Asks: 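A single structure is presented below for examination.
Please read all numbers here as calculations on a predicted model, not as lab measurements.
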Amino acid sequence: MGFGLVIVLCFWAAVASANVKEPKLEADEPFQRIAVAHEATLRCCYRWMNIPHVTWIVNVHIINGTSLIRLVDQNENVTHKQYEKDGVKCHSLVFKSVQLSDTGLYQCKLNYSSLHMFSHGTFLQVYKPLEKTLNLSESVKNSIITAEGVLLLLVVLIPGTMLLCKSKALNELSKKKGREEENIYEGLNLDDCNSAYHQIQRSNQQGPYQDVASCGEDIQLEKP
């Protein structure tokens, strides 16, 4: 019983010692996009009982498809910081004012004895913001929007008003024409119209010429 307990404790101690000695990298922020002349902070964190020597490297892509790896040294624009929280050790790379040339993949290199390990890395993209052609204040922008709204309202109302006026004028003209036609037929007597119509019908039936024989026997034809 006692021998078995000793074996179990030895096994547990070996496993714990192995877990302490084996470094465990924490997840890095994969991507940062920062404007030119702004501050940027990159971090790499790990769990490890040992205290390794940490260096920052940057992998810069070149135009022809190759890459260039170089160390990131401290200077007046770049500083290294480190801190520990809840057993997690972190190293920070702080840029006070990033430049376009700082774009690249940044990684921590952990060196302890014969062990060398790289963090997952963070790609830093530095961009140049578009410059404003016109630097307008908010009050000016609001005035421009109000003027655009008024112009749009006028563009909609003026053609509509013109169409309404034209339609009204056509209706008035149609009504006036109808009243004139009614006035033409107001003075006519329907009985007179009927008698005149029958006379015209009879004259058409008789024809414009009469039969020569019906004119009597007194009519003599001239000799040629």
Asks: Let's test your reading of the model: do Cys90 and Cys44 have SG atoms under 2.5 angstrom apart?
Replies: no
Asks: Please round to the nearest 0.5 Å and tell me the distance separating atom NE2 of His91 and atom OH of Tyr83.
Replies: 10.5 Å
Asks: Determine, step by step, whether Leu115 and Leu110 satisfy the side chain to side chain contact (heavy atoms under 4.5 Å, CB included) criterion, reporting the C-alpha distance in whole Å, the side-chain angles of both residues, the deciding distance to 0.1 Å, and the verdict.
Replies: CA-CA 8 Å; Leu115 179 62; Leu110 308 179; over 6 Å; no
Asks: Take atom CD of Glu84 as the centre, draw a 6.0 Å sphere, and report whether it contains more than 12 heavy atoms from other residues, nucleotides or ligands.
Replies: yes
Asks: Short question: side chain of Thr146, backbone of Asn142 - any donor-acceptor pair under 3.5 Å?
Replies: yes
Asks: Identify whether Trp48 and Val54 are in the same connected component of the hydrophobic contact network (ILVMFWY, side-chain heavy atoms under 4.5 Å).
Replies: yes
Asks: Identify every side-chain donor-acceptor pair in residues 25-36 under 3.5 Å, counting partners at least two apart or on other chains, and give the distances.
Replies:
residue, atom, partner, partner atom, Å
Glu26, OE2, Arg47, NE, 3.0
Asp28, OD2, His120, N, 3.2
Asp28, OD2, Gly121, N, 3.0
Glu29, OE1, Gln32, NE2, 3.0
Gln32, NE2, Thr41, O, 2.9

Asks: Hey, what do you get for CZ (Phe95) to CG (Leu42), rounding to the nearest 0.5 Å?
Replies: 5.5 Å
Asks: Please round to the nearest 0.5 Å and tell me the distance separating atom CD1 of Ile69 and atom CD of Gln107.
Replies: 7.5 Å
Asks: With a 6.0 Å cut-off (strictly less than), is the heavy-atom count around CZ of Phe123, excluding the residue itself, greater than 12?
Replies: yes
Asks: Find the distance between NZ (Lys141) and CD1 (Ile144) and round it off to the nearest 0.5 Å.
Replies: 9.0 Å
Asks: Treat each ILVMFWY residue as a node, draw an edge where side-chain heavy atoms are under 4.5 Å apart, and state whether Tyr46 and Val88 are in one component.
Replies: no
Asks: Go through it in stages, so that I can follow the logic: the residues are Thr66 and Leu68, the test is side chain to side chain contact (heavy atoms under 4.5 Å, CB included), and I'd like the CA-CA distance, side-chain angles, deciding distance and then a yes or no.
Replies: CA-CA 7 Å; Thr66 60; Leu68 176 65; over 6 Å; no
Asks: Please test Lys89 against Gln82 for side chain to side chain contact (heavy atoms under 4.5 Å, CB included), starting from the C-alpha separation and ending with a verdict.
Replies: CA-CA 7 Å; Lys89 299 180 179 67; Gln82 61 181 11; over 6 Å; no
Asks: Within a 6.0 Å radius of atom CG on Leu100, are there more than 12 heavy atoms belonging to other residues, nucleotides or ligands?
Replies: yes
Asks: Taking atom CD of Gln99 and atom NZ of Lys128, what is their separation to the nearest 0.5 Å?
Replies: 10.5 Å
Asks: Which heavy atom in Arg70 sits nearest to a heavy atom in Ser101, and how many Å separate them?
Replies: NH2-O, 4.1 Å
Asks: Show the nearest heavy-atom pair for residues Gln74 and Thr79, with the distance to one decimal.
Replies: OE1-CA, 4.0 Å
Asks: Can Phe118 and Cys108 be said to form a side chain to side chain contact (heavy atoms under 4.5 Å, CB included), step by step?
Replies: CA-CA 6 Å; Phe118 291 91; Cys108 281; over 6 Å; no
Asks: Please determine whether residues Ile57 and Val78 belong to a single hydrophobic cluster, defined as Ile, Leu, Val, Met, Phe, Trp and Tyr linked transitively by side-chain heavy-atom distances below 4.5 Å.
Replies: no
Asks: For His38, look at atom NE2 and say whether over 12 heavy atoms of other residues, nucleotides or ligands are found less than 6.0 Å away.
Replies: no
Asks: Which value, rounded to the nearest 0.5 Å, describes the distance between Leu105 atom CG and Leu124 atom CG?
Replies: 10.0 Å
Asks: Please name the pair of heavy atoms, one in Asn75 and one in Asn77, separated by the smallest distance, quoted to 0.1 Å.
Replies: OD1-N, 2.8 Å
